Amino acid sequence: AYKRGEFVEESSASISDMLDKLLKDMELRGLKDIYNTKSKIKNLKRHLGSTSKLDTTSINNYVTKRREEGASNSSINREFQLLGQAVKLTQGSSPKLPRLREPAPRQGHISEAELDRLLKYLPDYMKNLTKFAYITGARKSEICNLKWNDVSEEYFIFRKTKNGESRLLPITQKIKK
């Protein structure tokens with residue numbers, strides 16, 4: 001339970017209105033990940049949308065309800081980040097929302113032996129893509145967005161990456177196999 005008091009003073013705008021304004025702002029700025037943002041905003045609106053004031057009770061209730069729905073602390077924290085942005089955009093100051101403890105980042109690497117076992121169960125059309133992803137560490141979207149002009153004899157250019165910055169990947173002997 002959080003005992004920090006009032007997070008957002010009562011205003012004429014509801015939380016739902018603030019979130020709508022944030023979403024419109026994000027769309028105008030051309031941010032890429034609007035789909036996931038809409039999903040998070042939907043959760044916030046479902047539980048907090050009609051209120052115009054955030055206090056300890058409403059925040060604790062939100063956390064409890066989201067956890068009952070199976071949401072992780074990481075998901076709730078991302079939703080709180082959006083809520084904070086929405087309040088700052090409409091009221092000019094950021095609320096001091098709680099930050100829930102999150103697990104350590106994943107270390108989800110598999111060994112070559114595990115890769116070999118996995119490849120046995122994949123359809124043929126997925127085997128080369130999976131090997132390439134394993135060797136390079138590239139994301140599926142990066143690989144699928146490669147064009148022929150992104151490939152030379154020495155490197156690949158991933159133009160559409162998660163952070164929006166292009167990156168070069170040298171073509172090694174292991175990749176050539």
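Note: hydrogens, waters and symmetry copies are ignored here, and every other heavy atom, side chains too, is used. Note that the structure is predicted; figures quoted are calculated from it, not measured.
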Is it true that a side-chain atom of [X] and a backbone atom of [Y] form a donor plus acceptor pair closer than 3.5 Å?
X	Y	answer
T64	N60	yes
D25	K21	no
Q91	K88	no
D150	K147	yes

Assess the side chains of [X] and [Y]: does a donor N or O sit below 3.5 Å from an acceptor N or O?
X	Y	answer
E112	Y134	no
N73	R67	yes
S58	D55	yes

OG1/T37 to CG/L22 distance, rounded to the nearest 0.5 angstrom?
8.0 Å
Around [X], counting heavy atoms of other residues, nucleotides and ligands shown, do more than 12 lie under 6.0 Å from its [atom1]?
X	atom1	answer
K160	NZ	no
R29	CZ	yes
K42	NZ	no

Determine whether I171 and L129 fall in the same hydrophobic cluster, where Ile, Leu, Val, Met, Phe, Trp and Tyr are linked whenever their side-chain heavy atoms lie under 4.5 Å apart.
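Cluster IDs for I171 and L129 match.
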Tell me whether I175 shares a hydrophobic cluster with I143, the cluster being built from Ile, Leu, Val, Met, Phe, Trp, Tyr side chains joined at under 4.5 Å.
yes
Between R167 and E142, is the closest basic N to carboxylate O distance under 4.0 Å?
yes
Check ion pair R46-E69 (N to O, under 4.0 angstrom):
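E69 and R46: salt-bridged.
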Tell me every residue that passes side chain to side chain donor-acceptor pair (under 3.5 Å) with S74, counting only those two or more places apart in sequence or in another chain.
E102
